[in-house]
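Throughout, a chain's letter reflects where its sequence line sits, starting with A, and its residues are numbered from 1.
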2 protein chains.
Amino acid sequence: MRADARKNRDHLLAVARVVVTEQGADASLRDIARRADVALPTLYRHFPTREALLDTLLRENFDALAERAVELEASGSPAEALGTWLRECVAVAREYRGVTELMAAAIGDADSALHASCVTMRAAGTRLLARAQAAGAARADLDGAELFALVAALAWLGDQGSFAPRADHLFTVVASAVLPGRTDGDAEAGRH
Amino acid sequence: MRADARKNRDHLLAVARVVVTEQGADASLRDIARRADVALPTLYRHFPTREALLDTLLRENFDALAERAVELEASGSPAEALGTWLRECVAVAREYRGVTELMAAAIGDADSALHASCVTMRAAGTRLLARAQAAGAARADLDGAELFALVAALAWLGDQGSFAPRADHLFTVVASAVLPGRTDGDAEAGRH
DNA sequence: ACCTGAACACCGTTCAAGT
DNA sequence: ACCTGAACACCGTTCAAGT
């Protein structure tokens with residue numbers, strides 16, 4: 001890649017991070033290009049699709065979650081590991097508004113630029129879930145795809161302004177369905 | 001209201017019902033007006049806001065849910081009544097794509113045209129929840145606002161194509177958190 | 001190889017003019 | 001009282017032309 005192109009790409013990404021933080025995943029691409037002092041077709045050249053751009057913004061965090069899962073697999077109780085990881089997943093999925101719809105679309109579309117990251121994340125969750133199930137700590141009738149969906153739904157709740165104040169408590173409620181009988185390690189037990 | 005205006009209004013509503021079913025809650029207003037053979041400002045005159053239009057489409061169903069709650073309050077076990085009502089709520093919220101975001105926005109905004117309907121619905125749920133809690137059947141640390149949020153989240157799951165096949169099962173999972181210990185009356189127990 | 005101006009077809013919103 | 005044509009400011013997407 002030519003030096004000027006590299007510079008444009010990096011700058012576009014930095015600006016996109018700001019704008020998507022402000023406006024969410026459906027931010028105006030025109031606005032991003034404008035604020036990056038670049039013509040719109042330049043943005044399209046580097047990121048042919050809105051998803052390609054968001055993929056680049058998200059992949060880092062998604063892959064970090066997969067690594068984090070490996071870490072947690074080796075430590076603590078299976079139940080606590082899963083609970084902690086779920087909480088961190090929701091936090092990452094909430095980093096930008098509107099990402100949950102994207103996750104849902106990407107996991108189901110092999111052609112999506114985000115697909116690989118989502119599949120990696122789901123696989124990591126599936127391993128943690130299986131370990132907790134083997135220990136009898138997690139609901140047996142759940143699979144990784146459903147865990148992924150629950151994470152997305154909980155992140156979605158946090159994205160809706162009027163539900164956001166309840167999002168933490170509702171995480172606890174749903175987590176208690178995934179990990180029945182677990183009383184330690186969740187947000188509220190840890191708080192008092 | 002003048003006869004021609006009434007006719008326009010009714011026709012707009014009928015067309016909107018079709019278009020919103022096809023395209024979801026963010027359907028093109030221009031398209032609705034076009035397919036109703038009416039100029040765009042005519043649509044704006046009758047429904048000054050997209051929300052005002054959707055409110056009219058939804059109010060009927062939302063109010064029916066409130067009535068349905070009254071019916072269920074007087075019948076069967078408190079747990080079964082709540083479980084049945086929750087399932088029907090999710091079904092109504094899934095009637096049009098994108099309604100869940102709208103519900104979340106409307107419940108938190110007193111100026112929204114949908115606000116009253118949402119508040120009525122939440123109140124109905126709160127009564128059913130309180131009855132189930134008094135019977136020791138429902139989780140004590142939940143309130144009506146959280147129940148409303150859970151319904152919206154479950155409906156949202158059903159709206160995401162890739163999650164939709166899991167939506168029924170995830171309803172059962174979440175319902176089991178709201179109504180712990182209940183083994184009858186849910187979709188899966190009823191199916192075998 | 002990379003960038004840009006300019007166009008195209010859309011959208012929501014609003015105003016002044018018609019009947 | 002009600003409806004409409006037409007304009008405005010936006011948007012995503014793409015092409016031909018520049019360096």
- Item | Identified pairing partner of D/dC2, criterion: Watson-Crick or G-U wobble below 3.5 Å | C/dG18

- With a 4.0 Å cut-off, would you call B/R166 and A/D143 a salt bridge? yes

- Query: Between B/H46 and D/dC2, does any side-chain N or O lie under 4.0 Å from OP1 or OP2?
  - Reply: no

- Note on the structure: note: B/L40, atom CG; C/dC15, atom P; distance rounded to Å ~ 15 Å

- Note on the structure: A/L53 CG to D/dT13 C1', in whole Å, measures 15 Å

- Carboxylate-amine/guanidinium contact B/R59 B/D63, below 4.0 Å: no

- Starting at the 5' end of DNA chain C and moving along, which residue's nearest nucleotide shows up first, B/A27 or A/A5? A/A5

- Length of the line joining B/R45:CZ and C/dG12:C1', which is rounded to integer Å: 18 Å

- Starting at atom CD1 of B/I32, determine the distance to atom C1' of C/dC10, rounded to an integer number of angstrom. 16 Å

- Given C/dG12, D/dG12, C/dC11, which nucleotide is nearest the side-chain atoms of B/Y44? C/dG12

- Item | Ion pair check, B/K7 and B/D4, cut-off under 4.0 Å | no

- Nearest-Å distance for atom pair CG/P, residues A/L29 and D/dT14: 12 Å

- For A/S112 and A/G108, indicate whether the former's side chain and the latter's backbone hold a donor-acceptor pair under 3.5 Å. no

- Take the protein atom CZ of A/F47 and the nucleotide atom P of D/dT13, then report the distance between them rounded to whole Å. 15 Å

- Message: Counting only side-chain heavy atoms from C-beta out, which of D/dT14, C/dG12, C/dA7 sits nearest to B/R50?
- Response: C/dG12

- For D/dC2, does either OP1 or OP2 sit under 4.0 Å from a side-chain N or O belonging to B/T42? no

- Query: Base, sugar-phosphate, or nothing for B/R34, non-hydrogen atoms under 4.0 angstrom?
  - Reply: sugar-phosphate

- Which nucleotide in the set C/dC2, C/dT13, C/dG5 lies at the smallest distance from any side-chain heavy atom of A/P41? C/dG5

- Message: So, OP1 or OP2 of D/dC10: does either fall under 4.0 Å of a side-chain N or O from A/S28?
- Response: no

- Considering just the side-chain nitrogens and oxygens of A/N8, establish if one lies under 4.0 Å of OP1 or OP2 belonging to C/dC3. yes

- Side-chain H-bond candidate by donor/acceptor type, A/S176 with B/R139, under 3.5 Å: yes

- Task: May I ask which nucleotide in the shown strands pairs with D/dG12, Watson-Crick or G-U wobble, both distances under 3.5 Å?
- Result: C/dC8

- Starting from P on C/dC11, measure out to CG on B/L43 and report it in whole angstrom. 13 Å

- When you measure from the side chain of B/D4, which nucleotide among D/dA7, C/dT4, D/dC3 comes out closest? D/dC3

- Note on the structure: Contacts of B/R2 and B/A39 projected onto DNA chain D by closest heavy atom; the upstream (5') one is B/R2

- Sidechain N-carboxylate O distance under 4.0 Å for A/E73, A/R131: no

- Query: For B/M1 and D/dC3, what is the distance between atoms CE and P respectively, to the nearest whole Å?
  - Reply: 9 Å

- Query: So which one's nearest nucleotide on DNA chain D is more toward 5', B/V38 or A/D31?
  - Reply: B/V38

